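These numbers come from a predicted model, not from an experiment. The sequence lines fix the lettering, A, B, ..., with proteins before strands; numbering per chain opens at 1.
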Amino acid sequence: MLLFDTLSRSERNLTPIDGTTFRFYCCGPTVYGPAHIGNFRTFVLQDVLRRTLETGGTRTLHVRNITDLDDKTIRDSQAAGQALTAFTAGWTEKFHADCEKLGLLPPHIEPGAVEHIPQQIAMIQELIGKGNAYPSGDGSVYFKISSFPAYGRLSRLDERELDLGKTQNTRSSSDEYEKDSLSDFVLWKARRPEDGENFWPSPWGEGRPGWHLECSAMIKEYLGDSFDLHSGGVDLIFPHHENEIAQSECSCGGQFAANWFHITHLLVDGRKMSKSLGNLYTLADLAAKGFTAMEVRYVLIGAHYRKPLNFTLDSLSGAREALAKLAKGARQLASKIEPGTVVTSADFGPFLPAWESLTHDLNTPGALGGIFTGLREAANLTGPDAAAALTGMNRILRALGITLPELADNESTVIPSAIQALADARWAARLAKNWAESDTLRAQLLEQGWLMKDGKEDFTLSPAG
RNA sequence: GGCGGAGUAGCCAAGUGGUAAGGCAAUGGUUUGCAAAACCGUCAUUCGAGGGUUCGAUUCCCUCCUCCGCCUCCA
């Protein structure tokens, strides 16, 4: 499949560099609070990428870290009066629960920074040994940007009027930090009082690793020096991913990630999401408004990953209707298939355009459109052709990670006896053609949250949406 | 200010140098006592504004307006 690569700014074919398994790394959540739908746009799109590769027959190795050691996790664990690991374990558990609701496949490996301190120290030692890093007077270690000429390629730093450390000593302007250059970034942070119990011994004294280094060290541990793809939100391009490239390429001397996959931020009601605007939603917030995680997922894949997505509650309602329409379409298609029909075609049938959208730079909205169009075309198919079409549709849905809702099943709904009595009374009034009485009782039922629909022979009751 | 990205119907949103997918909403019809559901239809001469190139631009170029991201630890 083709995917746009941030570094080369071109679409590239995603072929595993080891010839068998597509190995990729995603920067995971910082576990100091509940993840919001902005975070999940990124994780959902990464999940769709993985599912699409797997649907296309490519084996994957998916590594996504948990950021459990940084300023925020330390600060908030202390505020909560908890040990860091207990604090982050709680939020990690909540994150996993949300992921499962959203239908995200669990990564094959999910490392945390705290458990990889030795690997991080080893990488720093290697960088110091190669002249790419230096300890400062206070026990911190910094990466020397001037030692890596390629610094800034990912984010086009050279064109951004920043001090790249390529000029001479600027210590006079940065006496607070003992850095050679203002733009050098920290690999190891010397212990400070506000770190509390969260420090580790190192050759440079007690302290803790810097955030950028955590990812580089874990990538090296699980994916080696070179791997197929690195991913995260666009905000990570600079400085996080730029710094990872510098650390890792200096450490291994070769290429780091072969492709870079960055997901654009979403907007909420046309504005950027923020707590102060009151438009920052978590899955729990939306569940409280009656929306399911699958409806959220549908909205999140409803725009191309390199374009802003305007998230609204209306679009969630629309997602509910759209999902129901898909479920009905699938059921109608299935109803035309003789039991025991064997599907021999591995083709996508009328859903081929949807698949092509997906494999061309992960055009998820194009694929969704293609499903509806394909469904219309599939309406004329019968027997084995219908069976093949349904198989194709299900493969697309699996790639998108969409689970269709169960269609309303009257028998599985528990109806309170009072409601049943009211409904029976109305049915009797209706049969007696007592329309006024009938309409009044129906309104009463609706008031109590039940929708009564009349059929030829009988009626159905369902909870009002 | 620098760099990167976006502006397509009431809303969400694809796409393309050759005349605008899809979803939601709305609306007409069939059906229904009336509804709901279901089914069949309708729904952008137009793609932020203004120029330019072209036989032809929403798609390429220029200018302007608006919005978003990054500019040292935010997905």
Paired with [N] by Watson-Crick or G-U wobble geometry, both distances under 3.5 Å: which nucleotide is it?
{"N": "B:rC43", "result": "none"}
{"N": "B:rC64", "result": "B:rG48"}
{"N": "B:rG1", "result": "B:rC71"}
{"N": "B:rU19", "result": "none"}
{"N": "B:rG33", "result": "none"}

Which listed nucleotide ([options]) is nearest to the side chain of [X]?
{"X": "A:Ser183", "options": "B:rA75, B:rG33, B:rU72", "value": "B:rU72"}
{"X": "A:Lys328", "options": "B:rC34, B:rC68, B:rA37", "value": "B:rA37"}
{"X": "A:Ser315", "options": "B:rC12, B:rC24, B:rA14", "value": "B:rC12"}
{"X": "A:Trp435", "options": "B:rG33, B:rA75, B:rA36", "value": "B:rG33"}
{"X": "A:Thr312", "options": "B:rC34, B:rC68, B:rC12", "value": "B:rC12"}
{"X": "A:Asp235", "options": "B:rC73, B:rA75, B:rA13", "value": "B:rA75"}
{"X": "A:Lys307", "options": "B:rA14, B:rG22, B:rG69", "value": "B:rA14"}
{"X": "A:Asn39", "options": "B:rG4, B:rA14, B:rA75", "value": "B:rA75"}
{"X": "A:Phe238", "options": "B:rA36, B:rG23, B:rC71", "value": "B:rC71"}
{"X": "A:Arg9", "options": "B:rC73, B:rG23, B:rG5", "value": "B:rG5"}

Indicate, with a heavy-atom threshold strictly under 4.0 Å, whether [X] touches base, sugar-phosphate, or nothing.
{"X": "A:Asn310", "result": "sugar-phosphate"}
{"X": "A:His265", "result": "base"}
{"X": "A:Ile237", "result": "nothing"}
{"X": "A:His36", "result": "base"}
{"X": "A:Pro308", "result": "sugar-phosphate"}
{"X": "A:Gln332", "result": "sugar-phosphate"}
{"X": "A:Arg153", "result": "nothing"}
{"X": "A:Gly38", "result": "base"}
{"X": "A:Gly369", "result": "base"}

If you round to the nearest 0.5 Å, how far is CZ of A:Arg12 from CH2 of A:Trp260?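 Spacing of CH2 (A:Trp260) from CZ (A:Arg12) equals 12.5 Å.
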Less than 4.0 angstrom between a side-chain N/O of [X] and OP1 or OP2 of [N], yes or no?
{"X": "A:Arg41", "N": "B:rA75", "value": "no"}
{"X": "A:Lys325", "N": "B:rG23", "value": "yes"}
{"X": "A:Asn243", "N": "B:rC73", "value": "no"}

Would you say the ring centers of [X] and [Y] fall short of 6.0 Å from each other?
{"X": "A:Phe43", "Y": "A:Phe95", "result": "yes"}
{"X": "A:Tyr305", "Y": "A:Phe261", "result": "yes"}
{"X": "A:Phe4", "Y": "A:His304", "result": "no"}

Any donor-acceptor pair under 3.5 Å linking the side-chain atoms of A:Asp68 with those of A:Thr73?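 No pair is found: no donor N or O on one side chain lies under 3.5 Å from an acceptor on the other.
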Atom-pair distance (CD on A:Glu356; C1' on B:rG15), nearest Å: 14 Å
